[in-house]
Amino acid sequence: MSLSFWKPGTVGPGSTLDRVTENDSAVISAPPQDNRERLPIFKHRQKLLYCVENHGVTIVVGQTGCGKTTQLPQFLYQAGWADSGHVIACTQPRRVAATSVAARVAAEIGTTLGEEVGYTIRFEDLDEVHERSVHTDLLLGILKKIRRKRPELRLIGRMYPVQIAYSDEPVPNFVEKAAQVAWNTHLQGGSGDILIFLPGRDDIEMCLEELVGALPASAPRMELVPLYAGLSTDEQLRAFSAPEKGKRKVVVSTNIAEASVTIEGIRYVIDCGLVKIRVYNPSTMISSLVVVPASKASVAQRAGRAGRTSNGVCYRLFTKDTFDSLPASTPPEISRTDLTSIILQLKALGIDDLMKFEWISSPPAETIVKAYDTLRTSGLITDHNTLTPIGSKIAECPLEYNIAKMLFASKDFSCGEEILTIAAMVSIQDVFIIPGGAPGALAELERRKFTAEEGVTYNAFIRYGQSLSWCKAHALSFRAMSRAVSIRSQLKKYMHRFELPIKSCEGDAKRLRQCLVSGYWRHSAKWQPDGTYLSVHGNKIMHVHPTSVLFTRKPKSGWVLFHDVEETKQLQIRILTEIEPEWLLDYGYQYTLKY
DNA sequence: CTCTCATCA
């Protein structure tokens, strides 16, 4: 998250900019005398901003373009909130937003960017804090430490009415039912496109098949479009372009269409009422992807997608009783994730007693205990839970702790060059684009060419001039690869800062793999004759993810390291490297403690 | 035989 701010000062005391919610709604804590209902505080371009007092926090609401972000800070500035050394701060979720907002406000008040108005990026944010990310929770927790307030989320925006229709009975087969409802809606005529919400890619493809099967040649035509994050940019854009004349667009989507993007022209929403989320189990230290009932907030948001341009209809494929039983909101990410790196960062900020830290929602105690254990066995904190020297260094590195440790260990193995590349490559996700259908098999072959050795894909991308067409030809994501290049150059700066040599192992893969053991010794597994692996920690049966080169091959030594594990239908391990088992003793637990 | 969705340094 990023921050734009007005010098000098902060908002406060007695008037702290506390929180901004989803889609641009600002939340500001203000002096108690503002304790009035819906007090219009400002008018900009014919649109009003309102203040709503709630639990001692003033929430500023208003529709898109009303000036919450650009006008309100100026208003507060004029009202003297930035007097006597205080700053008015405004957070943005992306750096482009932070820089452009700061530039615009600077221009509006007629000053040079960097004087009264400036911006900063990283870790000190406040205005647009999007719904319940880990950083939102941390930020709010830190704010709470300063001011004992409890904000509550409010959302207001321009909407057309959406009629909600519930199913009379529970729907056992939601994919089939979604296709049916879409088809019936389509046949009823009338204008407007259809948006279907399903939990995952599999469901989406099945639903599309159902619809294709239902299409008689003579029927009014539909344009069927899938939408999920795994698609390439071009494929995703199809969902946003207007359908061919005389056709109705049917977008079948994951949660990607729920909040982050808006599709114009949608008049009908079909909601299965389910969502796929990641859940972390601290006792096994494994994350799972599970389908769970969506929250009330979530299904409301989905329904709202039908009312962006005109009156709409939302068909819910669940009963009213089911709706009533839904949780108000999805459990926040902070309660569903591994906290090892987060706790390391908090320690570096001087926040030591995590059991007493005022979380907005407390993560499970076991997750915290487990994170401490991991930090201890990694040599990042002492037995008294204080940072070790290496711990404080690694806390500064924007990396998973095991990868960061590997960067430090690369000194011993003279392979800094290669480790940098590996660190960058494993830090990105969705490197490979997996198209469905016939081109899929070809793409599969193409990308296996590039995963044979660590860093091969990366080096080839550089060699071919970081070209978009090269990526397309090899089923690689240009976005992801470009990000890897930028991450690598960032990490290189950290290597310099910590005076770590950037040497190449000159093709000595053995040394490189030994270095990998120093970071990843926890993630080792032994090959079994049926092609699965047995994890050393936890003795669990694990399946190789089909994108791995070792998917069908047995490693000669019978032992591997894996980058990560995730439970879907079964435990899947990804990004594998063959190792010799004795290295686990030589370069594992004891070895890394010496740092 | 596979992937909910976002971020950042």
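Throughout, a chain's letter reflects where its sequence line sits, starting with A, and its residues are numbered from 1.
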From OH of A:Y494 across to P of B:dC8 the rounded distance in Å is 14 Å
Could you please name the option among B:dA9, B:dC1, B:dT4 that lies closest to any side-chain atom of A:K276? B:dT4
Kindly point out which of B:dA9, B:dC1, B:dC5 is positioned nearest to the side chain of A:P546? B:dC1
Measure from CD1 on A:I573 to P on B:dC1 and round the result to the nearest Å. 15 Å
Closest nucleotide of DNA chain B for A:S427 versus for A:V275: which of these residues is on the 5' side? A:V275
For the side chain of A:L289, starting at C-beta, report the closest nucleotide among B:dC1, B:dC5, B:dT4. B:dT4
From CD1 of A:I204 across to P of B:dT2 the rounded distance in Å is 16 Å
A:N281 versus A:E567: any side-chain heavy-atom pair under 4.5 Å? no
A:D530 atom CG is separated from B:dC1 atom P, nearest whole Å, by 12 Å
Please report the distance, rounded to the nearest Å, between CG in A:L198 and C1' in B:dC5. 16 Å
Residue set satisfying side chain to side chain donor-acceptor pair (under 3.5 Å) with A:S241, at least two apart, ordered chain then number -> none
With sequence neighbours excluded, tell me which residues meet ring-ring contact (aromatic ring centres under 6.0 Å, His included) with A:F318. none
I'd like to check the side chain to side chain donor-acceptor pair (under 3.5 Å) partners of A:E417; sequence neighbours left out, ordered by chain and number. A:R488
Once ring-ring contact (aromatic ring centres under 6.0 Å, His included) is applied, do any residues pair with A:F562, and if so which ones, sequence neighbours excluded? A:H523
Mind calculating the distance between CZ (A:R574) and C1' (B:dT2) to the nearest angstrom? 9 Å
By ring-ring contact (aromatic ring centres under 6.0 Å, His included), A:Y520 pairs with (sequence neighbours left out) A:H563
Heavy-atom nearest pair, A:A294 first then A:V275, reads CA-CG1, 3.9 Å
Distance check needed: B:dC5 P versus A:Y280 OH, whole Å only. 23 Å
What is the distance, rounded to the nearest whole Å, between atom CE of A:M542 and atom C1' of B:dT2? 16 Å
Under 4.0 Å, counting only non-hydrogen atoms across every strand here, what does A:R336 touch: a base, just sugar-phosphate, or nothing? nothing
Intra- and interstrand pairs of DNA chain B - dot-bracket, Watson-Crick/G-U under 3.5 Å, | marks other strand: .........
